[in-house]
Amino acid sequence: MDSMQENSPRAEFFVGVIVVIIGVILLIFAGDIPVRGEDDFGAQSLPRTISSLIIAMGALWAVISYRKIRKNEGSSGPDPRNRHLLMRIIPLMLLSFLYATLFQWFGYLASTFVIMVVVLYIYGNRSHPQLLGTAAAAAVVYYFLFINLMGVFDAGGSVININDLLGLG
Amino acid sequence: MDIIVGFQTLFSNPSALMFVFLGAFVGVVVGALPGLTASAAIAMLVPVTFYLDPLSALAFLYVIGKAGRFGGSIAAILFNTPGTASSAATMQDGYPMTLQGKSGKALKTATISSVFGDLSGELVLIFGASFIAVYTEHMGPPEYFAVYAMAFVVIGSVIGKSIVKGLISTLFGIMCGLVGQDPITSDSRYGFGILELEGGLSLVPLLIGVFVISEVLAQAEQETQWSLADKQVDKDMDPTNHYMTVAEIKTCLPVMFRSTIIGTLVGLMPGLGSAVACFVSYGEEKRRSKYPERWGTGIVEGIAAPEASNNAVSGPSMIPLLTLGIPGSTIAAILTGVFLIHGIIVGPTIFTESRDLVFGLFAAGLIGIVAYGFIGYFGSPLIGRILSKVPARLIYPFVFLTAFIAAYSSSTNTFDIILMGVFGIIGYGMRRFNFSAAAFIIAFVLSKGAEEALRQSLILSDSGAGIFLERPVAILFIGVGALVLVGRAISVIRQDRQLPSTAEIDE
């Protein structure tokens with residue numbers, strides 16, 4: 001919950017460099033925006049200005065952080081927040097994209113059940129009957145609330161249509 | 001008296017009235033959950049409001065925002081864990097009171113102060129907004145662009161710890177707002193040949209990603225998932241420790257009054273928000289106190305000051321939105337989107353074109369304050385005990401599930417889920433490296449209006465950008481922005497000089 005935890009100056013320096021790189025990419029793509037004669041300002045001007053400012057601010061941040069590295073300021077050592085990066089955070093990041101794919105393949109009910117099992121496991125729920133029961137109950141309740149009651153569209157799945165199999169379609 | 005018409009509008013719409021009470025309950029519960037903010041709850045619930053009439057939708061979300069600010073005090077007082085950033089100062093005296101067996105008194109102080117601050121702020125909104133709107137109605141594109149420019153600079157420079165990072169967050173927000181078709185020439189910008197990007201980035205998946213998914217990821221980073229079950233919950237049933245005495249109310253009234261003024265002024269400034277207000281008023285009241293050494297040990301004034309102030313922010317923070325069309329807070333930025341979804345253009349003309357709706361919303365705000373006041377006064381200990389039984393390892397998987405269906409249901413397009421995931425990762429990165437999500441979102445919402453005002457001004461002008469220096473009101477707003485930026489830069493440089501480096505400490 002502590003979003004204001006200090007990062008090391010080295011990490012902050014790389015943040016500045018990444019901001020500069022993003023700014024450069026945005027500036028390059030701004031060049032692809034068509035320019036027409038009828039509007040003096042043009043569709044390109046603002047994206048070019050903003051991306052240039054992003055580059056300038058990123059460079060400024062990198063310089064500030066580099067000066068801190070030289071002065072030996074700030075925290076050092078491994079960041080405790082990285083401890084669960086591989087086993088919890090990255091899998092959770094990927095789950096949103098997997099959820100979208102499973103939803104298209106198998107519909108809302110089945111994809112929600114599978115994803116809920118994985119999310120509950122990542123969050124430390126290890127009792128299998130409880131995990132499966134909670135995931136099944138969540139999938140059914142959410143299906144009823146959002147698909148049945150609120151009328152959110154569920155195509156049912158392009159690979160296997162679970163709704164048809166269960167007689168929900 | 002337009003507010004009476006507002007009450008008539010509200011009471012003639014039972015659905016809206018029901019959503020006011022529901023919003024008060026949802027706001028208190030969500031606010032009391034550590035990590036989940038009112039902004040996150042509103043972001044998730046925006047798609048639900050697509051199915052409601054405009055007054056019900058806006059009243060529901062507006063009241064969640066108000067009640068959420070108060071709800072944060074429950075976790076702060078009972079569990080020493082701020083439910084929201086705006087209740088962080090409440091912990092300082094709230095939790096020591098719980099340890100002394102006075103949690104009931106602390107919760108009732110928080111409720112009374114929150115209701116006092118919020119009602120006062122709402123009255124400032126009701127009587128101030130339509131008054132200011134009369135003047136802003138005559139502003140043209142150059143003045144509007146100057147206001148937008150001021151908002152970008154103020155939000156970017158004051159909202160976070162670092163000016164540079166605040167400005168980077170603002171610039172990224174503007175850049176995301178530029179994705180899609182150019183407003184004048186309709187040329188594609190950053191569309192990359194993806195059809196869904198041609199219409200611009202959708203607000204709902206972006207909000208859910210930045211506020212909700214990033215929180216889900218941040219919670220997964222904790223070594224042990226928080227559980228309130230092992231925290232101190234006061235079970236002392238001595239009735240004298242559970243109510244504010246008349247003497248305590250007398251002591252707290254001036255504190256509440258002064259803190260409300262601070263909260264109101266902070267609320268009027270775009271981007272500052274209730275987290276700033278609560279610490280400013282806590283610090284100010286401690287400085288004024290005859291016994292500053294007792295602050296932090298568990299005194300009622302230490303709860304009254306931050307709670308009155310952080311809730312007083314709510315109403316005035318809507319004034320820039322309703323008079324200029326410029327949201328001053330994250331919640332106001334989300335409400336801008338909801339207004340637009342229902343075909344209502346925010347800005348000074350709203351007081352002529354949708355007068356009943358606006359005053360109906362104000363009436364909903366007043367009823368909502370009373371509703372969360374009742375819930376808080378009588379139900380806070382119960383809500384605290386129930387929350388202490390539900391662990392985070394169960395709450396956050398359900399939050400993830402709700403975020404997914406909310407993002408999808410906004411336009412029933414799986415592209416929005418992918419967008420939510422991408423902005424979830426971006427939001428998490430912003431948290432990790434202390435960029436401002438609030439500045440990013442507010443800038444994203446403002447960017448389209450700012451570009452339109454700029455382009456219209458340049459079309460009107462014979463002297464190019466010189467038009468902004470020909471209009472006194474535009475010069476005033478640009479000047480205020482420049483002053484705030486310079487003032488903030490000077491204060492940050494002074495702070496940095498006062499802090500010795502690690503090398504100096506080692507010597």
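Heavy-atom basis, side chains included; hydrogens, waters and symmetry copies ignored. In what follows, chains are A, B, ... by sequence order, proteins preceding strands, each numbered from 1. Just so it is clear, the model here is predicted, and its values are computed rather than measured.
Listed here is the closest heavy atom pair of A:Gly124 and B:Arg393: O-CD, 4.3 Å. Contact detail for A:Gly58 and A:Val19: the closest heavy-atom pair is CA-CG1, 3.6 Å. Closest approach of B:Gly177 to B:Lys448, counting heavy atoms only: O-NZ, 2.9 Å. B:Phe145 approaches B:Ala450 most closely through the heavy-atom pair CD1-O, 3.5 Å. Residues B:Ser409 and B:Ala406 share a closest heavy-atom pair of OG-O, 3.2 Å. For the pair B:Ala439 and B:Thr170, the tightest heavy-atom approach, listed with the atom from each and the gap, is CB-OG1, 3.8 Å.
Proximity of the aromatic rings of A:Phe29 and B:Phe192 is defined here by a centroid distance below 6.0 angstrom, and this criterion is met. The six-membered or imidazole ring of B:Tyr408 lies near that of A:Phe103, with a centre-to-centre distance under 6.0 Å.
When heavy atoms are compared at a cutoff of 4.5 Å, A:Leu26 approaches chain B by way of both its backbone and its side chain. Heavy atoms closer than 4.5 Å to chain A are found in both the backbone and the side chain of B:Leu217. With a 4.5 Å cut-off on non-hydrogen atoms, B:Phe435 touches chain A through its side chain but not through its backbone. With a 4.5 angstrom heavy-atom cutoff, A:Gln44 does not touch chain B via any of its atoms. Neither the backbone nor the side chain of A:Thr101 comes within less than 4.5 Å of any heavy atom of chain B. Both the backbone and the side chain of B:Thr402 have a heavy atom closer than 4.5 Å to some heavy atom of chain A. Only the side chain of B:Leu178 comes within less than 4.5 Å of a heavy atom in chain A; its backbone stays farther off.
Considering only heavy-atom pairs separated by less than 4.5 Å from chain B, the leading option among A:Gly16, A:Ala30, A:Ala11 is A:Ala30. Interface summary for chain B: among A:Phe153, A:Phe146, A:Trp61, the most heavy-atom pairs under 4.5 angstrom belong to A:Trp61. Here B:Phe398 is the residue among B:Phe50, B:Phe398, B:Tyr51 with the most heavy-atom pairs under 4.5 Å with chain A. Between chain A and the residues B:Tyr190, B:Phe404, B:Phe415, the most heavy-atom pairs under 4.5 angstrom are made by B:Phe404. In terms of heavy-atom pairs under 4.5 angstrom with chain A, the leader among B:Asp187, B:Ile417, B:Val164 is B:Asp187. Among A:Tyr108, A:Phe97, A:Tyr99, the residue making the largest number of heavy-atom pairs under 4.5 Å with chain B is A:Tyr99. Ranked by heavy-atom pairs shorter than 4.5 Å toward chain B, the options A:Leu120, A:Ile115, A:Ile54, A:Thr134 are led by A:Ile54. Of the listed residues (B:Thr412, B:Leu454, B:Leu401), the one with the most heavy-atom contacts under 4.5 Å to chain A is B:Leu401.
Side chains of B:Glu451 and B:Asp182 form a contact here, defined as non-hydrogen atoms less than 4.5 Å apart. Under the 4.5 Å side-chain criterion, counting only non-hydrogen atoms from C-beta, B:Met44 is in contact with B:Val399.
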